[in-house]
Visitor: 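Here you go, one structure.
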Amino acid sequence: LITGDIANVAEKIEYAGAKVYINKIITDLSISKNKVLLLPGDHDVDRISIKNLLRDESSPTAEEINKVKFSNFSELYLEITGNEFQSNSLVVSQIELSENIILLGLNSNLCINQHGGFGEINIPDFEEKIKKIKSENDGKEIFLAFHHNLSGIYEDKQTGQWDPENRRYFVEAISKHELKIVFYGNEHTPRSSKLEELFYISESGALTSKSPLGTFRCYEIIKSEKKIILNNYLYQLTIFNTILETNGGVWNPISPPSKISTELDEFVILDNTNIVAQAAS
């Protein structure tokens with residue numbers, strides 16, 4: 001799961017470099033392409049291309065703008081996943097994690113323009129899509145993933161990098177449809193918690209960040225007949241400046257994650273007959 005901001009200004013040369021590293025990860029870990037969920041971030045929006053389009057055309061449609069602004073990301077997406085990126089679709093892709101868990105990726109950048117902007121989605125479109133997916137996957141848990149953070153500590157904004165009014169309706173919709181956990185990126189610091197006691201949030205931090213140092217996560221799915229738990233594993237880059245470490249530093253697990261005040265050790269998705277996620281102890 002890659003939650004976006006693969007590039008900085010969405011130039012082709014950035015994606016050429018990213019392709020090398022992403023391919024190395026999925027090759028070394030033997031991950032099949034249909035198990036890769038690759039999402040765009042706001043830095044994957046080519047804002048220069050939007051300005052050029054507006055300069056050439058007096059009133060391009062939103063569909064035309066989205067196609068242009070995701071053009072370079074779309075090439076990477078095709079090379080990594082083998083599928084065409086649907087630049088005007090809210091739903092990027094969905095992956096079956098197990099026989100009763102689906103990971104659904106959304107594009108929170110459809111409203112990002114040449115001046116940037118916050119995360120935002122079309123709520124009626126989301127409602128329609130999630131109802132259809134739930135009806136086709138009766139009894140399955142649906143995990144959400146997108147780029148923009150719904151809550152933030154890095155920039156000390158309670159509403160994260162999300163349009164405040166849209167966020168309110170989105171949070172309500174996630175809770176109403178009993179979606180238990182959402183994964184996102186954008187912030188440079190990792191964090192996991194309950195959002196307003198409604199559902200879990202888990203943000204990965206930034207893999208290639210230097211300050212704060214990079215992080216990534218792995219989640220272990222623990223299932224029984226009436227219980228689903230995700231164990232949380234957080235890894236952080238550590239630089240010791242010794243002759244024994246690799247050029248880039250050493251990746252070390254933070255164990256348990258809860259020794260950091262902003263982390264949970266597990267996410268209780270289903271517990272017996274309780275369909276609402278329980279607060280992790």
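Here the structure is a predicted model, which means the values were calculated and not measured. When reading the values below, keep in mind they use all heavy atoms of this one structure, side chains included, and skip hydrogens, waters and symmetry mates.
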Visitor: Less than 6.0 Å separating the ring centroids of W162 and F146?
Guide: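 Between W162 and F146, the centre distance is under 6.0 Å.
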Visitor: Would K194 and Y200 count as a cation-pi pair here, with the cationic atom under 6.0 angstrom from the ring centre and within 45° of the axis?
Guide: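 Output yes; distance and angle both within limits.
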Visitor: Run the side-chain contact (heavy atoms from CB on, under 4.5 Å) test against E220 and tell me which residues pass, sequence neighbours left out.
Guide: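 In terms of side-chain contact (heavy atoms from CB on, under 4.5 Å), with neighbours along the sequence ignored, E220 is linked to I222, N231, Y233.
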Visitor: Does the side chain of E187 reach to within under 4.5 Å of the side chain of Q161, using non-hydrogen atoms?
Guide: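 No - every pair of side-chain heavy atoms lies 4.5 Å or more apart.
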Visitor: Give a yes or no on whether K140 atom NZ has more than 12 heavy-atom contacts from other residues, nucleotides or ligands under 6.0 Å away.
Guide: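 Yes - once you tally the heavy atoms of other residues, nucleotides and ligands closer than 6.0 Å, there are more than 12.
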Visitor: Given E196 and R167, is the salt bridge (charged side-chain N to carboxylate O under 4.0 Å, His left out) satisfied, shown in steps?
Guide: CA-CA 13 Å; E196 301 172 15; R167 175 190 180 276; 3.5 Å; yes
Visitor: Can you get from L29 to I2 by hopping between Ile, Leu, Val, Met, Phe, Trp and Tyr side chains that sit under 4.5 Å apart?
Guide: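 Linked within one cluster.
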Visitor: Taking all non-hydrogen atoms of both residues into account, name the closest pair between L38 and I6 and its distance.
Guide: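 Result for this residue pair: CD1-CD1, 3.3 Å.
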Visitor: With under 30° as parallel and over 60° as perpendicular, where do the rings of F216 and Y235 fit, or are they tilted in between?
Guide: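 Taking Y235 first and then F216, their aromatic rings lie parallel (interplane angle under 30°).
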Visitor: Evaluate the criterion side-chain contact (heavy atoms from CB on, under 4.5 Å) for residue pair I121 and I123; output intermediate values, then yes/no.
Guide: CA-CA 6 Å; I121 68 162; I123 301 299; 4.0 Å; yes
Visitor: What distance do Q114 atom CD and S49 atom OG have between them, rounded to the nearest 0.5 Å?
Guide: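 The CD atom of Q114 sits 10.0 Å away from the OG atom of S49.
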Visitor: Do Y219 and F183 have their ring centres less than 6.0 Å from each other?
Guide: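 Aromatic pair counts; centres sit under 6.0 Å.
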